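First the structure, in the form of structure tokens, and then the observations on it.
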Amino acid sequence: MKKKLSVSQLLKQYMMLIVLVAIIVLGTILTKGILIKPMNVSNLINQNAYIVILAVGMLMCILTGGNVDLAVGSIVALIGAFAGTFIITWGWNAYLSVLLCLVLGILIGVWQGFWIAYVRIPAFIVTLSGQLVFRGLTLMILQGLTISPFPDSYMLLTTGFIGTADTRKTICMVVGIIIALIYIGLQISNRINRKRKGYELESMVSTVLRSVIIAAAVIWLFYTLSRYRGIPTVLITLAIVLLVYSFITSKTVMGRHLYAIGGNEKAAKLSGVNTNRMLFLAYVNMAFLAAVAGITFSARLNGASPQAGQSFELDANHGRAEQRHVHPGHLPGRAAGRQGPGSAGGRRLRRDLQAEGADPLPVPHPQEKVSASQRPPAGEAAFPGKDKFSQKRY
């Protein structure tokens with residue numbers, strides 16, 4: 001029997017979206033429009049990318065029965081330390097190093113998944129111990145110091161932009177319109193399928209209104225990005241992660257099994273679900289995505305820091321970033337570190353900031369700070385006997 005969704009059901013279904021819109025509107029008013037300026041929108045995407053990646057992986061763990069992975073922050077730091085050592089200290093190829101970091105992330109997941117799924121040690125205990133172990137390994141690898149900078153080939157993987165000054169507007173608008181049309185097409189197809197199967201349907205007005213609002217928001221987002229530097233490469237990474245895992249959780253046997261385990265693990269096992277394997281894969285996947293987040297975050301900082309990843313497990317569980325204004329003075333690496341205010345890049349950055357109406361004074365990212373105790377005395381190498389690396393360590 002076909003039913004129409006009531007207004008209360010629609011409000012319940014879209015309450016988070018309504019609250020998000022309200023927050024954006026309020027933030028825009030309180031910041032006098034700074035929140036939605038092109039530069040700030042681009043910065044927010046780059047700043048929060050790692051949280052979205054971690055939140056997707058944490059979803060898989062939560063689906064297995066409310067479990068979480070407390071080690072993700074330490075894994076992010078450890079993978080960043082590996083990347084910094086491979087690329088900066090040892091001079092390895094950036095792309096080979098990224099591939100190796102992803103493999104190491106999978107191995108970390110295999111280690112934790114084995115104890116959780118097959119030995120049946122509670123996930124809380126395994127991941128809490130992993131948090132301490134991986135943080136200690138990070139400190140050992142980096143010897144308590146921050147190493148920087150990464151080469152351009154590594155930075156462009158997650159901090160670059162698609163297109164040039166001449167083509168970025170066209171690329172952004174074409175991509176935005178295509179995505180909006182695809183979304184509308186999927187909504188129409190989904191409604192037709194639900195109607196054919198006799199499922200509950202929301203009113204046509206609600207479907208059309210939602211589709212138009214979201215399509216308009218997508219086009220506005222890409223238009224806004226076109227007014228700054230174009231589409232961030234990390235946005236491509238986020239789109240791939242979200243699309244792949246949305247398909248896995250909703251359209252595959254593995255996704256249905258994860259939901260079944262979260263509902264009732266014993267019943268799922270009696271129904272033929274290999275619960276141990278599903279639990280194992282959930283934590284392997286979490287570590288893999290933590291490795292992706294580690295690469296993204298280290299590129300954004302333009303360095304490998306032993307303090308990276310602090311409290312990331314809380315950000316991933318909440319699935320949201322800190323709601324704070326980000327102006328380009330917070331940009332790490334190239335903007336705030338490698339290009340000083342007296343350099344050509346620094347002067348160009350200040351002109352961009354003034355054109356956007358933002359405060360051009362540089363404010364370093366909290367995790368980019370290196371205490372004086374970590375810096376070697378003037379004229380001395382950071383590591384005696386390793387002078388060829390001393391110029392690359394703070």
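Index from 1, following the sequence. Because the structure is predicted, anything quoted here is derived from the model rather than measured.
- By the side chain to side chain contact (heavy atoms under 4.5 Å, CB included) test, Ile182 is found to be paired with Ile178, Leu186, residues two or more places apart in sequence or in another chain being considered.
- When the side chains of ILVMFWY residues are joined at heavy-atom separations under 4.5 Å, either directly or via intervening members, Ile171 and Val174 end up in two distinct hydrophobic clusters.
- With sequence neighbours excluded, the residues satisfying ring pair (Phe, Tyr, Trp, His ring centres under 6.0 Å) with Trp92 are Phe86, Trp90.
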Show which side-chain atoms of residues 252-263 pair as donor or acceptor with protein atoms under 3.5 Å away, not counting sequence neighbours.
unit_1 : atom_1 : unit_2 : atom_2 : d
Thr252 : OG1    : Ile248 : O      : 2.4
Thr252 : OG1    : Gly255 : N      : 3.2
Arg256 : NH2    : Ser250 : O      : 3.1

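- Within 6.0 Å of CZ in Arg194 there are more than 12 heavy atoms belonging to other residues, nucleotides or ligands.
- Checking side-chain atoms of Ser311 against main-chain N and O of Leu314 turns up no donor-acceptor pair under 3.5 Å.
- Leu59 and Ile240 fall within a single hydrophobic cluster, where Ile, Leu, Val, Met, Phe, Trp and Tyr side chains are chained together by heavy-atom contacts under 4.5 Å.
- When only modelled atom types and interatomic distance are considered, Ser298 and Tyr154 share a side-chain donor-acceptor pair under 3.5 Å.
- Cluster membership check: Leu238 shares its hydrophobic cluster with Val292, using side-chain heavy-atom separations under 4.5 Å among Ile, Leu, Val, Met, Phe, Trp and Tyr.
- Rounding to the nearest 0.5 Å places CD1 of Ile87 at 9.5 Å from CG of Leu96.
- Closest approach of Val76 and Ala293 over heavy atoms only: CG2-CB, 4.1 Å.
- Closest non-hydrogen pair, Ile231 versus Ile236, comes out as CG2-CD1, 4.1 Å.
- Side-chain atoms of Ile106 and Val284, non-hydrogen and from C-beta on, do get closer than 4.5 Å to each other.
- Under the 4.5 Å side-chain criterion, counting only non-hydrogen atoms from C-beta, Val72 is in contact with Met286.
- The shortest distance between side-chain heavy atoms of Ile295 and Leu102 falls below 4.5 Å.
- Taking the ring pair (Phe, Tyr, Trp, His ring centres under 6.0 Å) definition, one finds that Tyr118 meets it with Phe280, sequence neighbours left out.
- No donor-acceptor pair under 3.5 Å is formed between the side chain of Thr296 and the backbone N or O of Tyr50.
- In this structure the side chain of Leu181 reaches within 4.5 angstrom of the side chain of Ile177, judged on heavy atoms.
- Between Gln112 and Asp69, some side-chain heavy-atom pair lies under the 4.5 Å cut-off.
- Partner Ser226 forms a side-chain contact (heavy atoms from CB on, under 4.5 Å) with one of Tyr228, Phe222, Tyr223 and no other, that one being Tyr223.
- By the rule that hydrophobic residues join a cluster once side-chain heavy atoms approach within less than 4.5 Å of another member, Trp220 and Ile162 end up as members of one cluster.
- Taking Val21 as the reference, Val25 meet the side chain to side chain contact (heavy atoms under 4.5 Å, CB included) condition, with sequence neighbours excluded.
- Between Val234 and Ile45 there is a side-chain heavy-atom pair separated by less than 4.5 Å.
- Using a 4.5 Å heavy-atom threshold, the side chains of Leu63 and Met278 count as separate.
- Among all heavy-atom pairs drawn from Ile24 and Thr28, the shortest one is O-OG1, 2.7 Å.
- Residues passing the salt bridge (Lys or Arg N to Asp or Glu O under 4.0 Å) test with Arg210 are Glu202, sequence neighbours excluded.
- Between Leu225 and Leu235, some side-chain heavy-atom pair lies under the 4.5 Å cut-off.
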